[in-house]
Engineer: 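My questions all concern the structure below.
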Amino acid sequence: MRRLRRAELPSDTLALARFLVGKIVVRELDGARLSGRIVETEGYPLGDAASHAFRGRTPRNGSMFLSRGHSYVYFTYGSCFMLNVASEERGVGAGVLLRAVEPLEGIETMQRLRGTTRLLDLTRGPGRLAQAMAIDFALDGVDLTARGPLWLAAARDAKPRIGMAVRIGLSRNAERVWRFYERGNAFVSGPKALLRS
DNA sequence: TATGCGATATTCT
DNA sequence: GAATATCGCATAG
């Protein structure tokens, strides 16, 4: 697999959210390799009231202000880690949430980490995806375009057919169509009724 | 298949 | 003290 270079990443948050669908997340864990093909993302662009960066920089969201291609990992609902990709220039706070992947390598390890063998429950949804790939605060702020424990790889197959939909679980800016997904892929999370195109 | 609710901790008000 | 970029189990239809 070929690692993505920072220069390949679109420098606009929503363009990056669309670009990442079909790309691959790779997790190097104790010499083993876990990987998954991204099938669903959400953009949290500059000025978005639903973005963690909206009210400025804090200790929690600092990684959103790194240059694009760095990870931003946060914890919510008392039990779920979420993996995001910082999406703008250094000093600007914005990001793309990775909501779901399709498991490729290391499925047995993911099953152990998740405590289930059901393939569809492994990485469908942001909290599950983080658990399946052993992602926590230790991976916050990592450069995903460099060699390391977590990185992004180029797409393996042809460009996916991309659909758009509203984001999940928000109250502010909930009507914005800033979720991107691969059409027809069973690993896309959320109610089918929200898929608009 | 669809909807509802409790668990859980970090952050900001 | 309230809200939250969720999950998994429960119940009903």
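Remember, it's a predicted structure, so these values are computed and weren't measured experimentally.
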Engineer: Do A:Phe19 and A:Val96 have side chains that approach each other closer than 4.5 Å (heavy atoms only, starting at C-beta)?
Structural biologist: no
Engineer: Under 4.0 Å between a side-chain N/O of A:His52 and OP1 or OP2 of B:dT11, yes or no?
Structural biologist: no
Engineer: Nearest to the A:Arg55 side chain among C:dG8, B:dT8, B:dC12, which nucleotide is it?
Structural biologist: B:dC12
Engineer: Are any side-chain N or O atoms of A:Arg172 and backbone N or O atoms of A:Ala49, one a donor and one an acceptor, separated by less than 3.5 Å?
Structural biologist: yes
Engineer: Given B:dT10, B:dT8, C:dC7, identify the nucleotide with an atom nearest to the side chain of A:Phe75.
Structural biologist: B:dT10
Engineer: Taking the side chain as every heavy atom from C-beta outward, state whether A:Thr13 and A:Leu46 have any atom pair closer than 4.5 Å.
Structural biologist: no
Engineer: Which whole-number value in Å describes the distance from A:Phe180 CZ to C:dA5 C1'?
Structural biologist: 15 Å
Engineer: For B:dA9, does OP1 or OP2 lie under 4.0 Å from any side-chain N or O of A:Thr76?
Structural biologist: no
Engineer: Identify whether the distance between the nearest side-chain nitrogen and carboxylate oxygen of A:Glu89 and A:Arg68 falls below 4.0 Å.
Structural biologist: yes
Engineer: Please give, in whole Å, the distance from C:dA5 P to A:Arg176 CZ?
Structural biologist: 17 Å
Engineer: When the distance from CG of A:Leu129 to C1' of C:dA5 is rounded to whole Å, what number comes out?
Structural biologist: 13 Å
Engineer: Quick one: does NZ or CZ of A:Arg37 land under 6.0 Å from the six-membered ring centre of A:Phe187, within 45 degrees of the ring axis?
Structural biologist: no
Engineer: Would you say A:Arg128 reaches C:dG8's phosphate, i.e. side-chain N/O to OP1/OP2 under 4.0 Å?
Structural biologist: yes
Engineer: Give the nucleotide from the list B:dT11, C:dC7, B:dC12 with an atom nearest to the side chain of A:Thr58.
Structural biologist: B:dC12
Engineer: Could you tell me whether A:Asp121 contacts a base, only the sugar-phosphate backbone, or nothing, with contacts defined as non-hydrogen atoms closer than 4.0 Å?
Structural biologist: nothing
Engineer: Just how far, in rounded Å, is P of C:dG8 from CZ of A:Arg124?
Structural biologist: 11 Å
Engineer: Look through every strand shown and name the nucleotide pairing with C:dA5 as Watson-Crick or G-U wobble, where both distances are under 3.5 Å.
Structural biologist: none
Engineer: Starting from C1' on C:dT4, measure out to CZ on A:Arg167 and report it in whole angstrom.
Structural biologist: 14 Å
Engineer: Using a 4.0 Å heavy-atom cut-off, does A:Leu97 contact any base of the nucleic acid, only the sugar-phosphate backbone, or nothing at all?
Structural biologist: base
Engineer: On DNA chain C, compare the nucleotides closest to A:Glu42 and A:Arg114; which residue's is nearer the 5' end?
Structural biologist: A:Glu42
Engineer: Measure CG/A:Leu122 against P/C:dC7 and give the value in whole Å, please.
Structural biologist: 13 Å
Engineer: Measure from the side chain of A:Ser171, starting at C-beta and using heavy atoms only, and say which of C:dA5, C:dT6, C:dT4 lies closest.
Structural biologist: C:dT4
Engineer: On DNA chain C, compare the nucleotides closest to A:Arg172 and A:Gln131; which residue's is nearer the 5' end?
Structural biologist: A:Arg172
Engineer: Hey, are A:Lys23 and A:Glu8 close enough for a salt bridge, meaning a charged N less than 4.0 Å from a carboxylate O?
Structural biologist: no
Engineer: Between A:Tyr44 (OH) and C:dT4 (C1'), how many Å, whole number?
Structural biologist: 11 Å
Engineer: Tell which nucleotide pairs with C:dA12, taking only Watson-Crick or G-U wobble pairs whose two distances are both under 3.5 angstrom.
Structural biologist: B:dT1
Engineer: To the nearest Å, give me how far apart CZ (A:Arg179) and C1' (C:dA5) are.
Structural biologist: 11 Å
Engineer: Stacking between A:Tyr74 and C:dA5, defined as ring centres under 5.5 angstrom apart with planes under 30°, is that present or not?
Structural biologist: no
